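Here the structure is laid out as structure tokens; the discussion comes afterwards.
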Protein chains: 2
Amino acid sequence: MTDTLQAGPRPRLNRARVLEAAVALADEIGIESLSMRRLAQELRVVPMALYKHVANKEELLDGMVDVIVGEIDPPAADADWKSGVRSRILSARHTLQRHPWARRAIETRTAMTPRVLDYMDSFIGVFLAGGLSLDLTHHAMHALGGRMWGFTQELFEDPAAPAPAVTDAERGEMLRQAAQRYPNVVAIATSVTHDEGSVVGHGCDDQFEFEFALDLLLDGFERLHVRDWTSRGAKAAR
Amino acid sequence: MTDTLQAGPRPRLNRARVLEAAVALADEIGIESLSMRRLAQELRVVPMALYKHVANKEELLDGMVDVIVGEIDPPAADADWKSGVRSRILSARHTLQRHPWARRAIETRTAMTPRVLDYMDSFIGVFLAGGLSLDLTHHAMHALGGRMWGFTQELFEDPAAPAPAVTDAERGEMLRQAAQRYPNVVAIATSVTHDEGSVVGHGCDDQFEFEFALDLLLDGFERLHVRDWTSRGAKAAR
DNA sequence: TCGATAGGAGTACAGTGTACGCCTCGTGGT
DNA sequence: ACCACGAGGCGTACACTGTACTCCTATCGA
């Protein structure tokens with residue numbers, strides 16, 4: 001009876017409620033004003049209560065991007081890979097634009113949460129289903145970089161492998177599980193490492209990937225340029 | 001004589017020295033550990049002394065990116081625009097890689113410092129000197145986005161014009177001065193706004209620019225894909 | 001020689017993330 | 001029906017952040 005006197009019975013906290021409230025609050029007051037204290041106040045709870053559901057603020061932010069990545073529409077069953085990729089990216093962009101802070105948050109976060117891996121896996125799947133080679137798909141993912149997210153960033157870029165001390169057996173088990181959930185991601189990763197060394201995570205030349213995307217764009221500019229130039233010339237000639 | 005007992009006479013502070021020290025310190029301990037107090041300690045000075053040369057931490061960070069942008073090599077007098085742009089971008093990337101924190105710092109900063117404008121202006125100049133139209137150059141700048149900086153970001157994206165209260169006369173004067181220092185930037189900006197509305201800063205469709213760059217990449221993938229496919233077919237046929 | 005002044009020193013305050021200990025319920029085993 | 005237990009919320013405390021405000025002092029032009 002006592003708590004009915006309050007503005008509401010305040011249902012018990014849980015991780016999902018914390019994360020959703022954080023997302024909503026960030027939408028409202030901006031990510032830079034989002035503090036643990038402010039969030040706690042919003043949930044009508046003492047600040048330290050949050051730490052029962054979130055290890056620290058870093059993990060809170062990780063969880064927040066996880067939530068919004070989960071909001072991205074699943075890939076529509078498009079006719080060809082190109083329009084499939086295109087519509088997915090634009091859908092991601094649309095989702096991200098609803099949360100202005102999300103772009104910056106994703107950039108600073110490097111955690112590979114399950115939903116992020118899901119997203120990437122289905123993304124890669126569209127390419128592979130379209131018949132593109134593992135290699136080309138790999139480069140394409142790099143070139144798209146953050147455009148996958150509806151904006152731009154350099155993905156995979158920090159090879160500071162989290163690699164938390166695990167035995168080889170555990171590592172093998174994790175890999176098998178990952179291969180089940182994220183078959184495409186694993187396919188790309190392993191195909192890359194086969195070429196070069198044996199260390200997972202390396203064997204992917206950052207500089208090459210950068211120049212690959214750069215030259216794709218430059219070639220595109222050039223094509224548009226000469227087309228423009230010739231059409232102008234044709235117009236002048238007739 | 002008293003100060004000769006110290007590790008050094010400690011030359012007087014000035015803005016440049018503060019900025020340089022900040023850059024060096026960020027290189028050493030990381031941007032997230034760089035605090036005003038830590039920086040002051042490094043300069044053997046009381047924290048508040050810094051505020052005589054920098055309005056606040058925000059401005060300190062602005063100054064830091066200004067410093068590193070200034071480190072980028074000037075554009076080499078290349079034969080064609082394409083290799084000119086290419087080498088400039090790779091040079092920028094090289095510079096940025098020497099300061100791991102710079103990438104993230106530039107992303108969060110939106111201030112258009114003189115050196116940034118200088119950089120962009122000379123960049124645009126390479127395109128225009130190569131004969132590209134104002135329009136294509138404009139789109140190209142967008143498409144390259146942060147790749148101009150040796151990484152990736154969405155530039156121009158926040159049209160929240162700083163527009164600090166100025167009279168029309170002042171505004172006109174500023175524009176004339178800007179046109180002298182940054183002729184190419186102004187050329188692009190004005191050519192865009194001519195098309196659509198009269199408000200400076202708008203008239204540049206974000207969505208269009210995004211899809212422009214996206215389609216450039218997708219077309220590139222497709223070309224590589226069919227080339228791969230046909231060569232594979234040819235090999236199988238012979 | 002003198003006084004204006006730029007620049008450094010000192011103190012103080014609000015706000016941040018979070019470590020640690022306590023207390024209070026709802027719940028499951030006996 | 002009891003009771004212990006543990007999840008989850010509370011309170012306090014600490015180190016650290018940016019920076020506002022006041023005072024002091026060394027420097028330099030007249």
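Since we're looking at a predicted model, the values are computed, not measured. The chains referred to below are lettered A, B, ... by the order of the sequence lines, with proteins before strands, and numbering in each begins at 1.
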Subject >> Nucleotide of dA9(C), dG7(C), dG9(D) approaching A49(B) most closely (side-chain heavy atoms) >> reply: dA9(C)
**OP:** Please report the closest heavy-atom contact between L217(A) and A143(B), naming both atoms and the distance.
**Re:**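 Taking L217(A) first and A143(B) second, the nearest heavy atoms are CD1-O, 3.9 Å.
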Report the distance from atom [atom1] of [X] to atom [atom2] of [N], rounded to the nearest whole Å.
{"X": "E59(A)", "N": "dT18(C)", "atom1": "CD", "atom2": "C1'", "value": "14 Å"}
{"X": "R44(B)", "N": "dG8(C)", "atom1": "CZ", "atom2": "P", "value": "13 Å"}
{"X": "K52(B)", "N": "dA9(C)", "atom1": "NZ", "atom2": "P", "value": "10 Å"}
{"X": "N14(A)", "N": "dG26(C)", "atom1": "CG", "atom2": "P", "value": "17 Å"}
{"X": "L43(B)", "N": "dG7(C)", "atom1": "CG", "atom2": "P", "value": "15 Å"}
{"X": "E32(A)", "N": "dG17(C)", "atom1": "CD", "atom2": "P", "value": "13 Å"}
{"X": "L13(B)", "N": "dA6(C)", "atom1": "CG", "atom2": "C1'", "value": "12 Å"}
{"X": "R12(B)", "N": "dA6(C)", "atom1": "CZ", "atom2": "P", "value": "11 Å"}

Nearest 0.5 Å please: distance from the [atom1] atom of [X] over to the [atom2] atom of [Y].
{"X": "R38(A)", "Y": "L25(A)", "atom1": "CZ", "atom2": "CG", "answer": "5.0 Å"}
{"X": "M64(B)", "Y": "L39(B)", "atom1": "CE", "atom2": "CG", "answer": "8.0 Å"}
{"X": "N184(B)", "Y": "M120(B)", "atom1": "CG", "atom2": "CE", "answer": "10.0 Å"}

Original post:
Taking only residues two or more places apart in sequence or in another chain, which ones pass side-chain hydrogen bond (donor to acceptor under 3.5 Å, both in side chains) with S122(B)?
Top reply: R88(B)
Where do N or O atoms of nucleotides 18-20 of chain D meet protein N or O atoms at under 3.5 Å, pair by pair?
{"from": "dG18(D)", "atom 1": "OP1", "to": "M36(B)", "atom 2": "N", "distance (Å)": "3.4"}
{"from": "dG18(D)", "atom 1": "OP1", "to": "K57(B)", "atom 2": "NZ", "distance (Å)": "2.7"}
{"from": "dG18(D)", "atom 1": "OP2", "to": "M36(B)", "atom 2": "N", "distance (Å)": "3.0"}
{"from": "dG18(D)", "atom 1": "N7", "to": "R37(B)", "atom 2": "NH1", "distance (Å)": "2.5"}
{"from": "dG18(D)", "atom 1": "O6", "to": "R37(B)", "atom 2": "NH2", "distance (Å)": "3.1"}
{"from": "dT19(D)", "atom 1": "OP2", "to": "Y51(B)", "atom 2": "OH", "distance (Å)": "2.8"}
{"from": "dT19(D)", "atom 1": "OP2", "to": "K57(B)", "atom 2": "N", "distance (Å)": "2.9"}
{"from": "dT19(D)", "atom 1": "O4", "to": "R37(B)", "atom 2": "NH2", "distance (Å)": "3.4"}

Subject >> Sugar-phosphate, base or nothing in reach of V46(A), heavy atoms under 4.0 Å >> reply: base
Original post:
Of the options I31(B), I68(B), V67(B), which is the one that meets H99(B) in a side chain to side chain contact (heavy atoms under 4.5 Å, CB included)?
Top reply: I68(B)
Original post:
Any side-chain N or O of H53(B) under 4.0 Å from OP1/OP2 of dA6(C)?
Top reply: no
Subject >> Inter- and intrachain pairs under salt bridge (Lys or Arg N to Asp or Glu O under 4.0 Å), touching residues 13-37 of chain A, at least two apart >> reply: R15(A)-E59(A)
